[in-house]
Amino acid sequence: MNRRSVLRAGTGLLAGGAALALPSVARAAAAAEPTDGWTQTSFDYSWQKPWNLDLGDRHSYSGGVHRMWVYATDEPFEKGSSTDPSGTDGASFVQILRSVHPSGTPATDIMLNAYDTNGGTVRRYDGTVLRTGVYDTWFNVKIAHQASSGTGTVKVYFDNSLVLTVADRGPATRYFKNGVYNHGSGRAEARFRNLRYWTR
């Protein structure tokens, strides 16, 4: 299957905002947006939360903002699942989950995690630093996936700037997942607004 998709989440940008007018002679060609050439489309979603709690115990929606939080003591999303907190330092807030994949291959193509260093540091898994200073601030995240029958590519954009390009992990059935999960101790929270989905 050759399908391209992109998820935009957590944006602090608003359409119709102020623009800077430059003299005609100084005007440079506008940079391409990561979604240029893509078609925004509707998408289906489902909620996961600790199996023993109501959704409202870990999610709220107000003023266009989805607010999600978990505690290290929370149960997983279903009895017997191993997705409960694993003692890691960083909370995951977005991933491409490989829901059906060949035995012995990873469950995700990419995960972005927030760590408690440098005012909040986003890393790919627990390695590559993609951004610092993320706590208590809005930033735009776009993840583009070019799937193929072999190995595809995943591109990550923050505030419309490409910060990472990596290979996916081969054939699988996938979906985008955002929220807050898999953290160490205490309470972890993430907020999302303006969730969009594109294909081409």
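Throughout, numbering of the chain's residues begins at 1 and tracks the sequence.
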Rounding to 0.5 Å, atoms NE2 (His66) and OH (Tyr61) come to a distance of 5.0 Å
Got a donor-acceptor contact below 3.5 angstrom from the Asn178 side chain to the Val94 backbone?
no
Ignoring hydrogens, what is the shortest heavy-atom contact between Ser92 and Asn113? Give both atom names and the distance.
OG-OD1, 2.6 Å
Against the six-membered ring of Trp198, is Arg196 placed for a cation-pi contact (under 6.0 Å from the centre, within 45° of the normal)?
no
Residues Phe93 and Phe139: closest non-hydrogen pair is CZ-CZ, 4.3 Å
Using atom types as modelled and distance alone, determine if a side-chain donor or acceptor of Asp168 lies under 3.5 Å from a backbone N or O of Asp109.
no
Rounded to the nearest 0.5 Å, what separates atom NZ in Lys142 from atom OG1 in Thr35?
5.5 Å
Least distance between heavy atoms, Tyr135 atom then Ala114 atom:
CE2-CB, 4.5 Å
Atom of Arg193, atom of Gly64 and distance for their closest heavy-atom approach
CB-O, 3.3 Å
Please report, to 0.1 Å, the donor-acceptor pairs under 3.5 Å made by any side chain of residues 126-133, with sequence neighbours excluded.
unit_1, atom_1, unit_2, atom_2, d
Arg131, NH1, Asp159, OD2, 2.7
Arg131, NH2, Asp159, OD2, 3.2

Distance check, rounded to the nearest 0.5 Å: Arg191 atom CZ versus Asp136 atom CG?
8.5 Å
Decide yes or no on side chain to side chain contact (heavy atoms under 4.5 Å, CB included) for Asn194 and Trp138, but give the supporting numbers first.
CA-CA 11 Å; Asn194 300 329; Trp138 286 105; over 6 Å; no
Sorted by chain and residue number, the side chain to side chain donor-acceptor pair (under 3.5 Å) partners of Arg124 (sequence neighbours excluded) come out as none
Quick one: pull up CZ in Arg123 and OH in Tyr115 and give me the separation to the nearest 0.5 Å.
7.0 Å
Distance, nearest 0.5 Å, that separates CG of Leu195 from CZ of Phe43:
5.5 Å
Please check if the side chain of Tyr175 supplies one atom and the backbone of Arg98 the other of a donor-acceptor pair under 3.5 Å.
no
Between the main-chain N or O of Ser99 and the side-chain N or O of Thr173, is there a donor-acceptor pair closer than 3.5 Å?
no
Between Gln95 and Tyr181, is there a side-chain donor-acceptor contact under 3.5 Å, judged purely by atom types and distance?
yes
Closest heavy-atom pair and its distance - Pro171, Pro102:
O-CD, 3.4 Å
Kindly indicate, with the supporting measurements, whether the criterion side chain to side chain contact (heavy atoms under 4.5 Å, CB included) is fulfilled by Val141 and Val122.
CA-CA 11 Å; Val141 177; Val122 175; over 6 Å; no
Rounding to 0.5 Å, atoms OG (Ser60) and CZ (Arg58) come to a distance of 12.0 Å
Test Phe158 against Val134 for side chain to side chain contact (heavy atoms under 4.5 Å, CB included), laying out the working first.
CA-CA 11 Å; Phe158 286 164; Val134 300; over 6 Å; no
Show the nearest heavy-atom pair for residues Pro34 and Tyr157, with the distance to one decimal.
CG-CD2, 3.5 Å
For the pair Val180 and Met68, evaluate side chain to side chain contact (heavy atoms under 4.5 Å, CB included) and give the outcome as yes or no after the intermediate values.
CA-CA 6 Å; Val180 60; Met68 302 161 201; 4.1 Å; yes
